[in-house]
Participant: 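What follows is a structure written as structure tokens; I'll ask about it next.
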Amino acid sequence: MNKHFPFFTYSSFGSLKFNLFISFFLISLLVFIGCKPKDFEEPKISLEAYQIEEGFELEVATSEPFIEAPVTMSFDNTGRMWVVEMKGYMQNLEGTGDDMPNGTITILEDLDNDGVTDHSKIFMDSLILPRAIAHVYGGLLYAEPPNLWFVDIKNDKPKNRVLVDSLYSDGGNVEHQPNGLMMHIDNWIYSAKSNFRYKKDHGKWLKEPTSFRGQWGISMDNFGRLYYNNNSTQLIGDYVLPNTTIKNAHYTPKSTLNNVLTPSQRVFPLHPTSVNRGYEKGVLDKDSLLVNVTSACGPLIYRGDQFSKAYIENAFVCAPEANLIKRNVLTFKADQVTGEQAIPNTEFIASTDEGFRPVNLFNGPDGNMYIVDMHRGIIQDKAFLTPYLHKHYANKKLDTIIGMGRILRVVNKTNNSKEAIKIDQLSISELVDLLNHPNGWLRDRAQQLLIYKKNNSAIPLLKKIMSNEENPIAQVHALHTLNGLKALNFETLEKLLASNSKSSTISHAVVLLEQFAALKHMPSALKLVKKLIEKNDPEIDLYIATSLGGWIKL
């Protein structure tokens, strides 16, 4: 008799067959269970030290021991979180070990669908200070200084690695290197702290100049304007669509790009703040509270569908040095955007937990907002760490807050949904329908997938959406999807420009029309422009003025 399996005996051929069957069944069951184990118990993290604006709740989507020192994330087409862990950053007060290949890209899963991670797997490890990822073209784009790489994904493993750019983040301090990798509505990928954009076309990676933007983090609104910031300015942005006003190599526009959108940089922390040069006059107030932001990063324009209308296209900004997140209400005009603190003297989220270090914000496929909390005591790089702040860190033992990390989710109390559409399972017609969805994450990813799949059955469906003048956001997505599929032509744009579509749709169509500048189209284009000018719409006039170059050269 086998001691481990006492039911396995040799008394008869029949019982042998039966016992073999039972053994095989149990082994198969163990293998099946072992395929998707819970790595750890679901995180139980107290959020009592956190205050959030009325009407909202803060939830822990994942935390240590699943992740450590997260700096950015991306959702895949099944709704899973992929997190970049910069474990080598400031592990101690001396900043030693930052050259160790201990960075990872981790896939986080919620197998029981309760909104909390219960399983993780390493997609890629042995990275040195990785800083950006994006799910694009059926694979993963990621930045490990100085290189920008692209890999295919097969069975959650990287395959066929391709070097996109060997100079993506060449040189510079870790706090001042390109990051972001955001796919824009125009089908180009933009970064913060960079003046280049990227696109894959017919299997070839393209790199071309764009405006230099910000320091850490990048976002866009529904129209396509880009937003970013630097450590001392909470929100900066462009008044116009990217690459529309920089076509003249001999002229650098000053009024349309890199505009400070928030006239006040005030922050309202809940406790005395440890920051660099806190000894200088005006940095701290009489109660040792930080006065103005010093480490602004990770801006987000909320484009989800779970918050009320008053929050749509609000700008949220991380201030990790003060353990808080700001909210600004944006006001849009034809050629200008401005931002204002949503509630005077009050932050959207603020905490007395000095380990709370929000460094990036993202819209989610479920329509909620996600916070990348590095959750580290030291967030000032050694290159800029003053003796003053070094002493503060040491006295507070903030250097002991290490080996941690969290992704937090902001949900609406009255509309608390964590359900996400598994976009990878949708048909072409269903993907096209998503361009009408109120959740910007779903619209963006549907556009990307339609272009990647290159299925011509989408073309008539996209043209139908483009004719719906009541949904300009969907029209704009349809326009750029057709353009990405190489299915846009002069005649289609001509018809759209002659319609009663909103100025936002017309503006995008004017920008796209320039690529079809040709003598044969000149008479029709001239008539269109005259009609558009008669509308006396300042937004349309702006894009006509910036899109005439291709026609003037004829």
Participant: Going by the rule side-chain contact (heavy atoms from CB on, under 4.5 Å), which residues pair with Asn195 if we only count those two or more places apart in sequence or in a different chain?
Facilitator: Phe212

Participant: Using only atom types and a distance under 3.5 Å, with no angle test, would you say the side chain of Ser503 pairs donor to acceptor with the backbone of Ile540?
Facilitator: no

Participant: Any side-chain heavy atom of Thr78 sitting closer than 4.5 Å to one from Gln425?
Facilitator: no

Participant: Determine, step by step, whether Lys463 and Lys495 satisfy the side-chain contact (heavy atoms from CB on, under 4.5 Å) criterion, reporting the C-alpha distance in whole Å, the side-chain angles of both residues, the deciding distance to 0.1 Å, and the verdict.
Facilitator: CA-CA 11 Å; Lys463 289 183 176 180; Lys495 182 179 178 181; over 6 Å; no

Participant: Ring-plane angle category for Tyr142 and Trp149, please: parallel below 30°, perpendicular beyond 60°, tilted otherwise.
Facilitator: parallel

Participant: Using 0.5 Å steps for rounding, measure from the CG atom of Leu431 to the CD atom of Gln447.
Facilitator: 11.5 Å

Participant: I'd like to know if Asp541 and Lys535 make a salt bridge, using a cut-off of under 4.0 Å between side-chain N and carboxylate O.
Facilitator: no

Participant: Test side chain to side chain donor-acceptor pair (under 3.5 Å) on Arg303 and Asn222 and set out the steps.
Facilitator: CA-CA 7 Å; Arg303 300 170 59 230; Asn222 285 331; 2.8 Å; yes

Participant: List the atom of Asn229, the atom of Pro299, and the distance in Å for their closest heavy-atom pair.
Facilitator: ND2-CD, 3.6 Å

Participant: Write out all pairs satisfying salt bridge (Lys or Arg N to Asp or Glu O under 4.0 Å) with one or both partners inside residues 450-461, taking only residues at least two apart or from two chains.
Facilitator: none

Participant: What heavy-atom pair brings Leu554 and Gly550 nearest, and what distance separates the two atoms?
Facilitator: CG-O, 3.6 Å

Participant: Verify whether one side chain among Arg443 and His437 offers a donor that lies under 3.5 Å from an acceptor in the other.
Facilitator: no

Participant: Would you please test Met182 and Ile189 for side-chain contact (heavy atoms from CB on, under 4.5 Å) and show each step?
Facilitator: CA-CA 5 Å; Met182 184 192 69; Ile189 299 165; 5.9 Å; no

Participant: When rounded to the nearest 0.5 angstrom, what distance separates CG in Leu435 from CG in Leu450?
Facilitator: 6.0 Å

Participant: Would you sort out whether Thr245 and Thr256 count as a side chain to side chain donor-acceptor pair (under 3.5 Å), showing the intermediate values?
Facilitator: CA-CA 8 Å; Thr245 59; Thr256 56; 3.2 Å; yes

Participant: Are more than 12 heavy atoms from other residues, nucleotides or ligands located less than 6.0 Å from atom CD of Glu430?
Facilitator: yes

Participant: Evaluate the side chain to side chain donor-acceptor pair (under 3.5 Å) criterion for residues Asn363 and Tyr302: first the C-alpha distance (whole Å), next the side-chain angles of each, then the deciding distance (0.1 Å), finally the verdict.
Facilitator: CA-CA 6 Å; Asn363 291 297; Tyr302 177 73; 5.8 Å; no

Participant: Ring of Tyr198, cation from Lys207 - is the NZ or CZ under 6.0 Å from the centre and inside 45° of the axis?
Facilitator: no

Participant: Determine, step by step, whether Asn439 and Gln306 satisfy the side chain to side chain donor-acceptor pair (under 3.5 Å) criterion, reporting the C-alpha distance in whole Å, the side-chain angles of both residues, the deciding distance to 0.1 Å, and the verdict.
Facilitator: CA-CA 8 Å; Asn439 182 354; Gln306 295 300 302; over 6 Å; no

Participant: Are any of the side-chain nitrogens in Asp424 or Arg80 under 4.0 Å away from the carboxylate oxygens of its partner?
Facilitator: no

Participant: For the atom pair CG (Leu141) and OH (Tyr168), what is the distance rounded to the nearest 0.5 Å?
Facilitator: 8.0 Å

Participant: List the steps and the verdict of side-chain contact (heavy atoms from CB on, under 4.5 Å) for Ile325 and Val317.
Facilitator: CA-CA 6 Å; Ile325 294 173; Val317 179; over 6 Å; no

Participant: Can you confirm whether or not the ring centre of Phe75 sits under 6.0 Å from the ring centre of Trp82?
Facilitator: no

Participant: Is there a side-chain contact between Val410 and Tyr370, using heavy atoms and a 4.5 Å cut-off?
Facilitator: no

Participant: Which pair of non-hydrogen atoms, one from Asp110 and one from Gly115, has the smallest distance, and what is that distance?
Facilitator: OD2-N, 2.7 Å

Participant: Please determine if Arg197 and Glu208 form a salt bridge, counting it only when a charged side-chain N lies under 4.0 Å from a carboxylate O.
Facilitator: yes

Participant: Would Phe516 and His521 count as a close aromatic pair, with their ring centres under 6.0 Å?
Facilitator: no

Participant: Given Phe316 and Ile301, is the side-chain contact (heavy atoms from CB on, under 4.5 Å) satisfied, shown in steps?
Facilitator: CA-CA 6 Å; Phe316 295 84; Ile301 307 303; over 6 Å; no

Participant: Do Val511 and Thr244 have side chains that get closer than 4.5 Å, going by heavy atoms?
Facilitator: yes

Participant: Any Lys/Arg nitrogen of Lys121 or Asp156 sitting under 4.0 Å from an Asp/Glu carboxylate oxygen of the other?
Facilitator: yes

Participant: So do Phe66 and Glu85 actually touch side chain to side chain, heavy atoms under 4.5 Å?
Facilitator: no

Participant: Would you say the side chains of Ser501 and Gln475 form a donor-acceptor pair under 3.5 Å?
Facilitator: yes

Participant: So, for Tyr543 and His508, is the gap between ring centers shorter than 6.0 Å?
Facilitator: no

Participant: Testing Arg131, Glu175, Arg376 for side chain to side chain donor-acceptor pair (under 3.5 Å) with Tyr89, which one passes?
Facilitator: Glu175

Participant: Looking only at side chains, do Tyr227 and Asp238 share a donor and an acceptor under 3.5 Å apart?
Facilitator: no

Participant: Is there a side-chain contact between Val260 and Pro263, using heavy atoms and a 4.5 Å cut-off?
Facilitator: no

Participant: Do Gln336 and Asn259 have a side chain donor and acceptor closer than 3.5 Å?
Facilitator: no

Participant: Over all heavy atoms of both residues, which pair between Cys318 and Leu361 is shortest? Give the atoms and the distance, please.
Facilitator: SG-CG, 3.5 Å

Participant: Got a salt bridge between Glu514 and Lys247, using NZ or NE/NH1/NH2 to carboxylate O under 4.0 Å?
Facilitator: yes

Participant: Within this structure, what is the CG-CG distance for the pair Asp165 and Asn147, rounded to the nearest 0.5 Å?
Facilitator: 8.0 Å

Participant: CG of Leu488 to NZ of Lys486: how many Å apart, nearest 0.5 Å?
Facilitator: 10.5 Å

Participant: Taking the six-membered ring for Trp, are Phe196 and Trp188 ring centroids under 6.0 Å apart?
Facilitator: no

Participant: I'd like to check Met124 versus Thr104 (side-chain heavy atoms, cut-off strictly below 4.5 Å). Are they in contact?
Facilitator: no

Participant: Starting at CD1 of Ile67, measure out to NE2 of His375 and round the result to the nearest 0.5 Å.
Facilitator: 11.0 Å

Participant: Provide the closest heavy-atom pair for Ile133 versus Leu181 in the form atom of the first, atom of the second, distance.
Facilitator: N-CD1, 4.0 Å

Participant: Are Pro365 and Ile423 side-chain neighbours, meaning at least one heavy-atom pair lies under 4.5 Å?
Facilitator: no

Participant: Are the side chains of Leu261 and Thr338 in touch, meaning some heavy atoms are under 4.5 Å apart?
Facilitator: no

Participant: Which pair of heavy atoms, one from Asp186 and one from Pro242, lies closest together, and at what distance?
Facilitator: OD2-CG, 3.8 Å

